[in-house]
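Presented below is the structure to which this report refers.
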2 protein chains.
Amino acid sequence: MAARKQNSTYSRNEKCIIDCDLTFAVYMLGGRWKLLILDKLAKRKMRFSELKKEFSYITERMLTLQLRTMEQDGLVKRTVYAEVPPRVEYELTDTARELAPILSQLSDWGGKQRKIAQQGTAV
Amino acid sequence: MAARKQNSTYSRNEKCIIDCDLTFAVYMLGGRWKLLILDKLAKRKMRFSELKKEFSYITERMLTLQLRTMEQDGLVKRTVYAEVPPRVEYELTDTARELAPILSQLSDWGGKQRKIAQQGTAV
DNA sequence: TGTGGTACATACAAACATGTAAGTAATGGC
DNA sequence: GCCATTACTTACATGTTTGTATGTACCACA
């Protein structure tokens with residue numbers, strides 16, 4: 001759900017694909033770090049720097065980008081406190097919290113699949 | 001879930017991210033056409049050419065690619081009939097069918113979100 | 001005056017995903 | 001022999017996502 005060029009078939013296809021509610025939903029969750037962020041924020045409100053510490057490999061740029069699109073998509077709420085040094089807190093919206101039970105099922109399914117896939121590779 | 005170069009941070013991050021069952025699941029569904037294909041095949045077994053007709057904008061290449069990774073991921077089963085011209089049928093695996101109820105919930109959620117997003121844009 | 005911390009922003013580069021165009025094998029029907 | 005059909009494959013081009021490196025504003029504190 002980032003900005004796209006309005007160009008040729010690539011975007012045209014995207015528009016028609018996004019008409020599918022399911023695809024729309026999965027695209028909203030599809031960023032590399034979004035689900036992990038969702039999971040952390042499900043437990044509690046967190047500051048930018050706290051999130052950064054949680055995912056030792058994420059860069060500040062990526063964290064910013066993912067949080068921004070999640071904010072635009074109505075998944076997280078961003079609160080800026082006018083202090084110095086700055087303090088910014090992120091928390092899930094109600095919308096995102098509605099997802100929790102669904103994602104939990106999907107996670108169970110994913111876990112099962114992953115085990116199967118690993119067995120396959122092991123043999 | 002395609003082949004990747006084993007390179008630098010990009011892959012390293014992927015490996016640690018994929019450790020999350022939920023991320024694993026969403027990555028499996030993340031291809032542009034996969035959910036639409038899943039939806040069609042949920043109704044009935046279909047031939048390659050039938051699928052192509054269903055999605056007027058998909059190219060043969062993309063359809064092939066998406067079906068291949070779905071097959072590798074255990075979402076679809078591919079049956080080749082040794083005829084000329086060739087006939088190939090695709091159907092969902094049990095694994096994929098287990099997803100149906102979960103995806104249906106996710107689709108409902110997506111529909112709701114999409115309406116909200118559109119209202120936002122309209123104003 | 002200089003340093004430190006927070007939460008970013010910007011320019012650039014690499015890797016990946018998707019799309020375009022053209023070609024292939026096999027064989028039945030003309 | 002030639003063409004049509006089906007389900008692909010290959011080489012190439014375009015677009016998007018992720019990562020690297022560096023810079024910025026703000027002000028308290030030393």
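First the proteins, then the strands, lettered A, B, ... as listed; each starts at 1.
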Checklist entry - At under 4.0 Å between heavy atoms, what does A:S49 touch on the DNA or RNA strands: base, sugar-phosphate, or nothing? => result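 Sugar-phosphate: the residue A:S49, judged by heavy atoms under 4.0 Å, touches backbone atoms but no base.
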Checklist entry - Nearest nucleotide by nearest heavy atom, which residue falls closer to the 5' end of DNA chain C, A:P86 or B:P86? => result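 In this pair, the answer is A:P86.
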All N/O pairs under 3.5 Å across the protein-nucleotides 28-30 of chain D interface:
none

Next on the checklist: Tell me which one of A:D39, A:L38, A:D108, A:L103 satisfies side chain to side chain contact (heavy atoms under 4.5 Å, CB included) with B:L22.
Outcome noted: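 Checked A:D39, A:L38, A:D108, A:L103 against B:L22; only one passes side chain to side chain contact (heavy atoms under 4.5 Å, CB included): A:L103.
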Item to check | Single hit among A:L29, A:L67, A:T69 for side chain to side chain contact (heavy atoms under 4.5 Å, CB included) with A:K34 | outcome: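 It is A:T69; the other options fail the test.
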Checklist entry - Do B:F48 and B:Y81 sit in the same hydrophobic cluster, where Ile, Leu, Val, Met, Phe, Trp and Tyr count as joined when their side-chain heavy atoms come under 4.5 Å apart? => result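 Per the 4.5 Å side-chain linkage, B:F48 and B:Y81 are not co-clustered.
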Grab the [atom1]-[atom2] distance between [X] and [N] for me, whole Å please.
X	N	atom1	atom2	result
B:E83	D:dT6	CD	P	12 Å
A:L63	C:dA9	CG	C1'	14 Å
A:K34	D:dT18	NZ	P	8 Å
B:K15	C:dC16	NZ	P	11 Å
B:R12	C:dA15	CZ	C1'	15 Å

Item to check | the helix from C:dT1-D:dA30 to C:dC30-D:dG1: angle between end helix axes, five pairs per end, rounded to 10 degrees | outcome: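 About 30°, once rounded to a multiple of 10°.
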At a cut-off of 3.5 Å, list every protein nitrogen or oxygen paired with a nitrogen or oxygen from nucleotides 8-13 of chain D, distance to 0.1 Å.
residue, atom, partner, partner atom, Å
D:dC8, OP1, B:R68, NH2, 2.8
D:dC8, OP1, B:R78, NH2, 2.4
D:dC8, OP2, B:Y90, OH, 2.6
D:dC8, N4, B:E60, OE1, 2.1
D:dT9, OP1, B:R68, NH1, 3.1
D:dT9, OP2, B:R68, NH1, 3.4

Taking only side-chain N and O atoms of [X], does any of them lie within less than 4.0 angstrom of OP1 or OP2 on [N]?
X	N	answer
A:R47	C:dA7	yes
A:N13	C:dG19	yes
A:Q66	D:dT18	yes
A:R32	D:dG19	yes
A:T9	C:dT20	yes

Item to check | Main-chain N/O of A:K77 paired with A:E91 side-chain donor or acceptor, under 3.5 Å | outcome: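 Not at all, since once roles are kept as given, no pair shorter than 3.5 Å links the two residues.
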Next on the checklist: Would the distance check show the side chain of B:W109 and the main-chain N or O of A:I102 forming a donor-acceptor pair, the cut-off being under 3.5 Å?
Outcome noted: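 Checked: no pair found.
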Compare every heavy atom of [Y] with every heavy atom of [X], then report the nearest pair and how far apart it is.
X	Y	value
A:R12	B:Y57	NH1-CE2, 3.0 Å
A:G110	B:A25	CA-CB, 3.9 Å
B:L75	B:A96	O-CB, 3.2 Å
B:R78	B:Y90	NE-OH, 3.2 Å
B:C20	A:L36	CB-CD2, 3.6 Å
A:K52	A:L63	N-CD2, 3.7 Å

Checklist entry - When the nearest nucleotide of DNA chain D is assigned to A:G31 and to B:R87 on a heavy-atom basis, which residue is associated with the more 5' position? => result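 The 5'-side residue here is B:R87.
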Item to check | Selection from D:dT18, C:dT18, D:dT6 that lies nearest to any side-chain heavy atom of A:L65 | outcome: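 For A:L65, the side-chain atoms sit closest to D:dT18.
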